[in-house]
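To start, the structure under review is shown below, and the notes come after it.
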Amino acid sequence: MFNLLKRLSRGKVDETSRPSSQVEFLKDFLSKHNYIFSNDFEENLEILKKKHLVDSFIVTNFDGSVVVTSEDSSQNDGIMGTAMLSYIKSEIPTSEAVLIKKEDGWIMLFTLLQKVFIVNAGSELSNIELKALALELGILLEENKNNLFEKNMVKG
Amino acid sequence: MARIITIASGKGGTGKTTVTANLGICLSRLGKKVLLIDADVAMANLSLILGMQSSPITLHDVLLGEAQVHDAIYDGPEKLHFIPSGLSLDNYKRVDSERLSSIVNELNDNYDFILLDAAAGIEKNVLSAFSASQETLLVTMPTSPAIADALKTKLVAQRIGNKVIGVVINFVMGEKGEINKNETASILELPIYGVVPYDPEVRKSFMQQKVAPVSIRKPDSPAALEFKKLASRLIGLKVQDVQVKKQGLFSRILSKFKKKG
């Protein structure tokens, strides 16, 4: 009664109430988007895919040799992507990235850190997003340089 | 080296531009060299809030490579500097907002703070602002849709490599149904930099012959005082926490008498 009188004295009644289920939903939302990297390189590649909203990526040297890939069989894609990017860059030297629209998504080709990045995703990413992915990949590659070298030696 | 901070929210109408303008003014009053950039190239209105809508050279011209960045810098209120975006729709589709980074870098050494007023949403123009700055301050309202959008904006900014430093909760009325300061901090996992009360004086600032932000027009109004505290927090000064308190009928009558006295 006192509270009601108090509220009335303020000139209006507060008819609102805390949307508790929505608060819980929002609290849960962030926990699903926490990207914590581990010591496992392959696992970290999966985390990067989720974080940057891409389906797969391949990193190659300029000669087409694959440095790292999120997929198993991508040697051909790596060579083809690198050749295509190299051709377009020779025709349009100021080009920064090549975006190819597929029926079910996009392929994006670009170079950074002396490497070629070939990214597959459901929607096209801006240059800023592609660079952010490439930079994080670059850090992961640097951290795992020795492991990758050993792995390639075994494969070779 | 300037601290380059993007003011973003995700949701439209949370008061990003009002926060940017007033925060800039308060930082400038604290002796900092401040540059405000209207990074909302599609829906620019920082110039309207600052009362500086007739600026011939804009960020559009600089992004299009048709003007030098120094020619687009104007003197704003309280000694702050300001780069407006074009209000016309003609150029904005031609503008490459990704060039914003290089423009901001060019000005880095001349200021203590560069504040970028970002667009709503998480599209390319907003990403450009994140990419051009190191830090982001989120502006939200004490409601679930606004906080949900702030959450998504935080994730996008982090994906680009930007550091989200905190949150400003705007339009706080102290109603029971509002998501309070502690809950907002917990949901967003970020510190709260400011709790700005709903203040009719902010709205009235746009309804004047000469438009000026509330920190200039009514520096003692509740919102203006909170903007002052926000600026102090940003430069690391200690400030007392704000209590959003509703005025009762009796205190309102009393304050009227006090004013007359």
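What's counted below: heavy atoms across the whole structure, side chains too, no hydrogens, waters or symmetry copies.
Between the OG atom in S31(A) and the CD atom in E189(B) there is a gap of 8.0 Å [rounded to 0.5 Å]. To the nearest 0.5 Å, the span separating NZ on K27(A) from CG on L188(B) amounts to 11.5 Å.
Around CD of E43(A), the count of heavy atoms belonging to other residues, nucleotides or ligands within 6.0 Å exceeds 12. Heavy-atom neighbours of K50(A) NZ from other residues, nucleotides or ligands within 6.0 Å: at or below the threshold of 12. Within 6.0 Å of CD in E201(B) there are more than 12 heavy atoms belonging to other residues, nucleotides or ligands. Under a cut-off of 6.0 angstrom, the local environment of OH in Y35(A) is crowded, with over 12 non-hydrogen atoms contributed by other residues, nucleotides or ligands. Crowding of R18(A) atom CZ: a count of heavy atoms from other residues, nucleotides or ligands under 6.0 Å exceeding 12. In K11(B), the NZ atom is crowded: over 12 heavy atoms of neighbouring residues, nucleotides or ligands sit closer than 6.0 Å. Annotation: E106(B), atom CD; neighbour count of heavy atoms from other residues, nucleotides and ligands within 6.0 Å is above 12. Dense packing is recorded around CZ of F62(A), with more than 12 heavy atoms of other residues, nucleotides or ligands lying under 6.0 Å away.
P19(A) and G177(B) make their closest contact through CD-O, 3.3 Å (heavy atoms, listed as atom of the first residue, atom of the second, distance).
With a 4.5 angstrom heavy-atom cutoff, L155(B) touches chain A only via side-chain atoms. Contacts of I179(B) with chain A are made by side-chain atoms alone, with heavy-atom separations under 4.5 Å and no backbone atom involved. Proximity to chain A involves both the backbone and the side chain of S128(B), based on heavy atoms less than 4.5 angstrom apart.
In this structure, the side chains of S144(B) and L26(A) come closer than 4.5 Å at one or more pairs of heavy atoms. Contact check for L53(A) versus R159(B): side-chain heavy atoms found under the 4.5 Å cut-off. When side chains are defined from C-beta on, F29(A) counts as touching K152(B), because their heavy atoms get closer than 4.5 Å. Contact of the I187(B) side chain with the L30(A) side chain is not registered, since no non-hydrogen atoms from C-beta on lie closer than 4.5 Å.
When K51(A), E15(A), H52(A), H33(A) are compared by the number of non-hydrogen pairs under 4.5 Å with chain B, H52(A) comes out ahead.
The interface of residues 109-134 of chain A with chain B, defined by heavy-atom distances below 4.5 Å, comprises S126(A), N127(A), I128(A), E129(A), A132(A).
Without hydrogens or angle criteria, D14(A) side chain to E175(B) main chain gives no donor-acceptor distance under 3.5 Å.
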